[in-house]
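Structure, as structure tokens:
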Amino acid sequence: MKSATSAAGPDRKVGNIILLSIVIGIFAGGLLGWMAPNAAMRIKFIGDLFLKALLMLVVPLIFVTMVHGVTQFGDVRKMGRPAALIITYYLLTTFISVGLGILLVNLIKPGAAGPGAMPVLTEKIAAVAERQTGVLGFAEDILNRMIPENIFSSMSEMQVLPIIIFSLFFGGVVTTIGKKNRTIIDLFDGLNDTIMKMVQIVIYAAPVGIACIVAGKLGSVGGGSAFVNELLKIAKYALTVITGLAIHGFIILPLILLLLARRSPLKYAGQLLTPLTTAFSTASSSAALPITMEYVEEAGVSKRSAGLVLPLGATINMDGTAMYEAVAAIFIAQSYNVHLTGAQQVVIFLTATLAGIGAAGIPEAGLVTMVMVLKTVGLPIEGIGLILAIDWFLDRCRTTVNVWGDMVGAAVIDRFTTIDTSDAKAANYNF
């Protein structure tokens, strides 16, 4: 286990100043976007530059940290139990999240008096609708995207899932080539420290960048009055989603952290407020990943666990997104006065889980995978228009829960796997 203060991590006092500055930036940006949307739009480009700087680091960060993480476990042929633990955690929390969402939407019935608006789908969503047909169709689509024809093309297009598969494959093979792997392991150890230092530099621009992102987004929807009007139209739906996310984020995940990782949820969350606020403001788990990894290591999670669990989680562990998919699908059914049988809701449960795995870690990616969930139970995909006006805000809420779930997972995996650091090629697991 790492010490609480990472040599490469931010100084505690500096970290607190950055966090306070980010919070001030969120409020300042929100106030500007609320009161003066036109002025907010003029500074939006600064937020876009900050977001690009974060996304610029995502591909090298994933490749380097995942290869580094795998090699720190030693021979990949001995990784069966840690890998099984990671997959079990992801599936468990996603199942709980989706089940909770389905329970709440059936109890609250937010679509009983739906607004009935049906805007036309965007070309991107329509294209996915043509490609995906049912649970098997979506599962096949995910599997096809896992194995790239050209890994460099995947990197240039920032297709995260194939990059992760290639990184795991590459790192795993490195651990099996004997003494020759020492040079490669040392190289990736140095690259990992370099990437994290670059992340630390970008973090210093976070307060200004986040303020401009928030201001620009509020400005783009017409300011505070327009946002409030749209929120009131589908307030019951928004309340259902936020209630589910709150229960999962404030009760279920902290209980998992307390019982399995034996960590104080308040202390751990307090150490990770900076990546959480970044996730909320950017609405992108991929954009938040560099900062998430920096601060999780600072919170005492080992570098190898953070490097293996977090990039994988940012792609396939989407608790908030999976819950949203289920709630939104049943809300649309209620709005169209369509009765869903128990069997159909089980199908929604399964497809929402798949959607959480298949959704990209970018803003509003859940709208794309929502198509698959609706098609599996025969609901009109035009129903997505019912939630478009407020989705940008709920996207930020569910992204924060996604990232929080990843960070809890890193702590859980770190507690249940230990490594003998005297020999980087010989792994010792304690369960």
Side-chain angles (χ1 to χ4, degrees), residues 1-20 22 61-62 64-66 68-74 82 85-86 89-90 93 188-189 192-200 203 206 249-250 252-279 285 288-314 317 400-422 424 427-431:
M1 179 70 70
K2 285 182 60 173
S3 62
T5 305
S6 168
D11 176 80
R12 179 76 61 186
K13 186 176 180 180
V14 173
N16 290 337
I17 293 173
I18 292 173
L19 173 60
L20 179 60
I22 288 175
L61 180 73
I62 289 175
V64 169
T65 57
M66 294 212 73
H68 180 264
V70 171
T71 57
Q72 295 306 297
F73 274 100
L85 183 62
I86 294 171
Y89 168 80
Y90 286 159
T93 56
F188 275 88
D189 189 48
N192 185 75
D193 288 342
T194 302
I195 290 290
M196 297 313 294
K197 183 65 177 179
M198 294 173 69
V199 170
Q200 189 178 344
I203 288 174
F250 289 112
I252 294 173
L253 289 176
L255 279 176
I256 291 174
L257 182 67
L258 182 65
L259 297 176
L260 296 183
R262 302 294 172 86
R263 285 175 175 262
S264 165
L266 285 176
K267 182 179 179 182
Y268 191 60
Q271 293 172 310
L272 300 171
L273 285 176
T274 298
L276 288 172
T277 52
T278 303
S285 53
L289 179 60
I291 297 177
T292 301
M293 293 191 64
E294 176 80 5
Y295 277 81
V296 165
E297 289 184 30
E298 172 71 9
V301 174
S302 69
K303 185 181 292 186
R304 65 171 167 75
S305 293
L308 190 63
V309 176
L310 292 175
L312 191 60
N317 184 43
T400 306
V401 172
N402 291 342
V403 173
W404 175 228
D406 296 341
M407 295 190 292
V408 170
V412 171
I413 302 305
D414 196 53
R415 178 176 180 265
F416 282 90
T417 59
T418 58
I419 190 169
D420 182 2
T421 55
S422 64
N428 242 341
Y429 302 112
N430 291 328
F431 289 86

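Quantities reported herein were computed from a predicted structural model and do not represent experimental measurements.
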How far apart are the closest heavy atoms of [X] and [Y], and which atoms are they?
X: E294; Y: I203; answer: CG-CD1, 3.9 Å
X: V403; Y: A279; answer: CG2-CB, 3.7 Å
X: G249; Y: P254; answer: O-CD, 3.2 Å
X: V401; Y: L253; answer: O-CD1, 4.3 Å
X: A288; Y: P275; answer: CB-O, 4.4 Å
X: A306; Y: P311; answer: O-CD, 3.4 Å

With a 4.5 Å heavy-atom cut-off, do [X] and [Y] have their side chains touching?
X: M293; Y: L61; value: yes
X: Y90; Y: L312; value: yes
X: L85; Y: I413; value: yes
X: Y268; Y: M407; value: yes
X: L258; Y: R262; value: no
X: Q271; Y: E298; value: no

Given 3.5 Å as the limit, does a donor-acceptor pair link the side chain of [X] with the main chain of [Y], or not?
X: Y89; Y: G409; result: yes
X: R263; Y: A411; result: no
X: S305; Y: S302; result: no

Contacts of A269 meeting side chain to side chain contact (heavy atoms under 4.5 Å, CB included) (sequence neighbours excluded), chain-then-number -> W404

For A410, which residues count as a side chain to side chain contact (heavy atoms under 4.5 Å, CB included) partner, sequence neighbours excluded? V296, V301, V309, L310

Side chain to side chain contact (heavy atoms under 4.5 Å, CB included) test vs I291 passes for just one of L276, T278, T277, L272, namely T278

Pair I256, V412 - check side chain to side chain contact (heavy atoms under 4.5 Å, CB included), show working. CA-CA 8 Å; I256 291 174; V412 171; 4.1 Å; yes

Please step through salt bridge (Lys or Arg N to Asp or Glu O under 4.0 Å) for the pair K303 and D193, ending with a clear verdict. CA-CA 10 Å; K303 185 181 292 186; D193 288 342; 2.6 Å; yes

